[in-house]
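The shown structure was predicted, so the numbers you read here are calculated from the model rather than taken from an experiment. Along the sequence shown, residues carry numbers from 1.
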Amino acid sequence: MRLFVSEGSPGSLPVLAAAARARGQAELLISTVGPEECVVPFLTRPKVPVLQLNSGNYLFSTSAICRYFFLLSGWEQDDLTNQWLEWEATELQPVLSAALHCLVVQGKRGEDVLGPLRRALTHIDHSLSRQNCPFLAGDTESLADIVLWGALYPLLQDPAYLPEELGALQSWFQTLSTQEPCRQAAETVLKQQGALALRPYLQKQPQPQPRPPEGRAVSNEPEEEELATLSEEDIVMAVTAWEEGLGSLPPPQPRPQPVLPVAGERNVLITSALPYVNNVPHLGNIIGCVLSADVFARYSRLRQWNTLYLCGTDEYGTATETKAMEEGLTPQEICDKYHAIHADIYRWFNISFDTFGRTTTPQQTKITQDIFQRLLTRGFVLEDTVEQLRCEQCARFLADRFVEGVCPFCGYEEARGDQCDKCGKLINAIELKKPQCKVCRSRPVVRSSQHLFLDLPKLEKRLEDWLGKTLPGSDWTPNARFIIRSWLRDGLKPRCITRDLKWGTPVPLEGFEDKVFYVWFDATIGYLSITANYTDQWERWWKNPEQVDLYQFMAKDNVPFHGLVFPCSALGAEDNYTLVKHLIATEYLNYEDGKFSKSRGVGVFGDMAQDTGIPADIWRFYLLYIRPEGQDSAFSWTDMMTKNNSELLNNLGNFINRAGMFVSKFFGGCVPEMVLAPEDRRLLAHVSWELQHYHQLLEKVRIRDALRSILTISRHGNQYIQVNEPWKRIKGSEVDRQRAGTVTGVAVNIAALLSVMLQPYMPTVSATIQTQLQLPRPACRVLLTNFICTLPAGHQIGTVSPLFQKLENDQIENLKQRFGGGQLEESLELKAKGSPKPAAVEAVTTAGPVQIQMLMEEVTKQGNIVRELKAQKADKNQVAAEVTKLLDLKKQLALAEGKPVETPKGKKKK
């Protein structure tokens with residue numbers, strides 16, 4: 001067979017990717033020809049791609065060529081794949097051709113290009129989300145995936161045209177794009193020019209004329225289009241669920257202490273990567289590990305899954321020894337100090353650990369040494385001489401992270417001695433070019449030392465077998481899969497597991513008494529020891545793979561240790577350890593146009609966020625909104641202001657406040673009777689669909705995308721209120737007043753639903769809404785998959801007040817300047833010396849969600865007292881005294897939430 005392709009020919013992309021299927025099945029010659037070359041003798045115009053079969057026949061349809069290659073590989077046709085191919089030809093190609101012509105030939109940008117295509121992309125995204133599969137036709141890649149990927153790649157390879165709200169589409173596209181056949185096809189056809197490589201081809205094509213779908217006018221109202229796709233059965237089911245109300249809630253389940261797995265229930269064990277103790281976490285660390293894991297842990301509890309969420313500080317290693325020397329403390333004192341700093345930061349961010357521990361414990365030593373002994377007796381530990389870098393000026397062997405130099409693989413000039421942050425490859429420190437000691441900047445010398453190695457090559461087959469069973473049914477992120485695949489492709493090598501240090505877990509082997517375990521070997525064992533310090537029944541979590549689902553959250557640089565090194569250690573130990581089932585890795589979060597740097601005063605670190613006057617929930621929201629799921633993202637002060645003012649203040653906050661205020665103002669704080677009209681029923685169905693989409697996304701740990709579902713429901717609620725105008729109808733006829741009541745009742749129930757959906761993301765705001773609406777406690781603790789009426793007619797709500805404050809330009813510009821290098825070293829040393837903190841920070845670091853909830857209730861209670869006294873025209877002195885109490889309570893609440901305390905302004909005299 002001979003395949004003819006051409007550079008710049010869009011059809012060549014999928015056929016080259018599909019051709020990989022035919023390798024080993026038939027002899028295939030691939031020829032690259034010019035765009036004007038006629039390779040099919042009976043065609044009058046040039047045509048590529050073309051497949052010339054051994055029989056002399058030709059295939060010159062892109063789909064037909066791809067199908068032929070798949071059939072050669074033993075693939076069996078199915079109806080779903082055929083439906084996708086028909087949709088690609090009839091629906092996708094017309095609008096895609098128009099989009100590419102706009103971009104490449106006409107030079108247009110933005111919505112001019114994306115607009116014609118948005119509906120088709122949304123269709124793919126929703127299809128992937130609804131079926132909960134990574135590929136279009138199921139759990140494995142099919143012909144449909146390759147054909148659609150090849151068609152879309154020239155446009156979607158530019159992130160500007162891959163909408164961030166379409167998370168399922170992003171994940172699917174990235175998974176395929178990182179596969180070697182697809183990557184090579186893109187390189188061959190596009191030559192790193194992107195869509196511009198198609199210009200010569202597209203300029204010869206007639207200008208496409210996209211048509212609107214039959215029977216439906218072109219619309220800019222996605223909500224209406226989505227509602228129109230709901231069947232009558234969908235609407236009936238939604239109304240039935242709504243009418244079941246609070247009676248459909250399961251009985252509350254008390255959380256036992258300690259939390260332990262329960263046979264027959266879903267047991268979810270969640271870890272976030274252990275932060276190194278003497279590094280104060282910046283925003284990227286927080287979103288990559290603890291905050292992402294916290295969202296999933298809170299969601300798991302709302303689903304009433306039996307959930308244990310743990311983390312702690314990683315405390316051993318040279319970095320601790322060095323920091324102790326710098327500050328004149330012992331390593332243990334350094335660990336105690338910085339462990340407390342970490343705990344304060346996570347407490348302020350409202351991270352709901354079940355336990356937050358540390359690795360400097362007897363349990364860590366006991367469990368690590370046990371795993372080592374089991375590996376040793378089974379022949380998985382080697383002994384060898386190691387050449388290490390030693391700094392003669394500091395008189396010590398240098399830990400890998402205390403060496404910097406030029407990466408031997410990619411040339412990055414700030415590679416660490418264990419791993420390059422740019423290319424991700426692991427490095428032996430002596431391989432670095434131009435190495436430097438990070439402490440004194442002198443050039444280290446090479447010295448020999450005897451060490452122990454984990455025999456990863458001997459464990460490779462066990463690892464591959466385990467991955468083969470685990471990955472198909474798991475939610476490993478695409479970057480985690482890619483990183484582990486690349487390690488296995490390069491072949492595993494023995495890795496040293498000991499170091500010449502004093503501060504670490506001792507090696508229990510004769511001749512190695514002066515050494516400790518290398519931190520990357522025993523740090524992941526910290527999860528086990530932290531659990532063992534939480535409960536003496538820790539093995540019920542960690543030696544119970546049949547009953548426990550383990551989710552591990554981290555940034556991508558931690559993937560090799562969690563997805564390869566610890567599984568190899570556990571598999572070699574042969575002690576039935578629970579291994580990671582779902583490995584969730586983020587990309588990196590950058591700061592504005594660069595990187596976070598504590599020493600240069602660039603970026604916001606955890607101990608600084610609380611000093612900005614911006615509440616913790618706003619930080620949580622924005623970090624989760626820009627969570628770097630498919631690619632690196634960047635924190636931007638201007639964007640944070642925009643998202644706060646538009647999505648929170650004008651969208652979410654506006655809707656919830658209006659819904660509650662209408663109940664208070666028009667119906668005396670009592671939820672009115674609701675008589676559902678057809679449009680109300682359709683809205684219930686649409687909210688139910690979006691709620692189910694939220695569940696599907698969070699079950700797949702698509703945290704950023706699920707947040708979009710909350711905001712979408714809120715937008716629907718705002719539109720519903722705006723269209724129905726209850727503030728006007730309440731002044732009209734009896735029918736109008738009844739209509740106003742229905743709209744208000746439905747709206748306030750949507751607000752109640754949003755308060756529960758928000759709980760994993762913004763727990764304090766969630767609790768505030770629930771207090772204002774007096775949402776029944778059972779409805780606060782469980783999130784069903786259907787939208788139910790939790791505030792029936794007659795329910796009395798509390799006092800409603802605004803949820804969010806506007807962020808002003810001046811405020812943001814000041815913060816931008818302050819954290820752009822104007823602060824240099826923040827005040828950790830001042831804190832260590834006992835320097836006084838502002839009162840607001842003191843309150844923030846001690847107030848948890850329970851205290852905040854109590855303060856909210858006290859503010860509401862005191863506010864009602866003041867209103868009653870004023871309504872009764874009570875004595876002015878009595879009113880003033882109660883107002884003073886109210887203001888004091890509000891001040892305490894503001895401090896607890898991290899909000900700036902405003903000085904009350906007197907009334908202006910006329």
Side-chain angles (χ1 to χ4, degrees), residues 3-20 30-39 45-50 60 62-63 65-66 88-89 92-121 124 145-164 166 169-170 172-210 593 630-634:
L3 176 63
F4 297 92
V5 296
S6 175
E7 294 175 10
S9 165
S12 297
L13 267 171
V15 299
L16 281 171
I30 300 177
S31 301
T32 302
V33 299
E36 300 298 325
E37 191 171 338
C38 287
V39 294
R45 295 178 57 193
K47 176 70 177 176
V48 283
V50 170
F60 44 85
T62 297
S63 293
I65 297 171
C66 292
E88 187 268 343
L92 178 62
Q93 278 299 338
V95 291
L96 180 60
S97 299
L100 285 169
H101 192 273
C102 257
L103 175 67
V104 178
V105 179
Q106 298 177 343
K108 295 182 178 179
R109 295 287 186 272
E111 200 60 28
D112 288 337
V113 176
L114 192 55
L117 193 59
R118 193 178 287 277
R119 180 181 171 82
L121 297 179
I124 300 172
D145 294 291
I146 293 299
V147 171
L148 267 71
W149 171 85
L152 291 165
Y153 184 84
L155 188 64
L156 298 194
Q157 52 85 32
D158 182 345
Y161 298 110
L162 185 53
E164 61 179 15
L166 303 184
L169 175 67
Q170 277 193 341
W172 169 84
F173 182 73
Q174 185 186 19
T175 298
L176 291 169
S177 298
T178 54
Q179 292 181 1
E180 193 62 20
C182 295
R183 192 187 63 77
Q184 289 184 356
E187 193 172 302
T188 299
V189 177
L190 301 185
K191 293 293 182 185
Q192 297 185 338
Q193 298 177 53
L196 293 179
L198 308 183
R199 179 175 287 162
Y201 172 85
L202 293 173
Q203 285 175 332
K204 295 183 176 66
Q205 309 302 314
Q207 181 171 348
Q209 298 294 327
D593 297 324
Q631 58 190 18
D632 292 356
S633 61

Look up atom [atom1] in [X] and atom [atom2] in [Y], then write down how far apart they are to the nearest 0.5 Å.
X      : Y      : atom1 : atom2 : value
Leu196 : Leu190 : CG    : CG    : 10.0 Å
Arg183 : Thr188 : CZ    : OG1   : 9.5 Å
Arg119 : Ile124 : CZ    : CD1   : 12.5 Å
Ser12  : Ile65  : OG    : CD1   : 8.5 Å
Asp158 : Arg109 : CG    : CZ    : 8.5 Å
Ile146 : Ser63  : CD1   : OG    : 12.0 Å

So which heavy atom on [X] is nearest to which on [Y], and how close?
X      : Y      : value
Ala17  : Trp149 : CB-CZ3, 4.1 Å
Leu176 : Cys182 : O-CB, 3.2 Å
Gln157 : Gly194 : NE2-CA, 3.4 Å
Leu152 : Trp172 : CD1-CZ3, 4.2 Å
Gly11  : Pro49  : O-CG, 3.5 Å
Pro94  : Ala89  : CD-O, 3.8 Å

Report task. Check for a donor-acceptor pair, side chain of Ser6 on one end and backbone N or O of Val33 on the other, with a separation under 3.5 Å. Result ->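 Such a contact is found between Ser6 side chain and Val33 backbone.
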
Query raised in the report: Quick one: does Tyr153's side chain have a donor or acceptor within less than 3.5 Å of a partner on Ala195's backbone?
Result: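 A pair under 3.5 Å: no.
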
**Report entry** Step-by-step side chain to side chain contact (heavy atoms under 4.5 Å, CB included) determination, Leu202 to Ser97
**Finding:** CA-CA 9 Å; Leu202 293 173; Ser97 299; over 6 Å; no

Side chains of [X] and [Y] in contact at under 4.5 Å (non-hydrogen atoms):
X      : Y      : answer
Gln631 : Gln174 : no
Ser633 : Glu164 : no
Leu121 : Leu156 : yes
Pro163 : Arg118 : yes

Requested in this report: Check the pair Leu92 / Leu117 against side chain to side chain contact (heavy atoms under 4.5 Å, CB included), numbers first and verdict last.
Outcome: CA-CA 8 Å; Leu92 178 62; Leu117 193 59; 3.8 Å; yes

Query raised in the report: Quick one: which of Leu13, Thr32, Val5 gives a side-chain contact (heavy atoms from CB on, under 4.5 Å) with Val189?
Result: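 That would be Leu13.
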
Query raised in the report: Side chains of Gln192 and Glu187: do they bring a donor and an acceptor to under 3.5 Å?
Result: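 No.
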
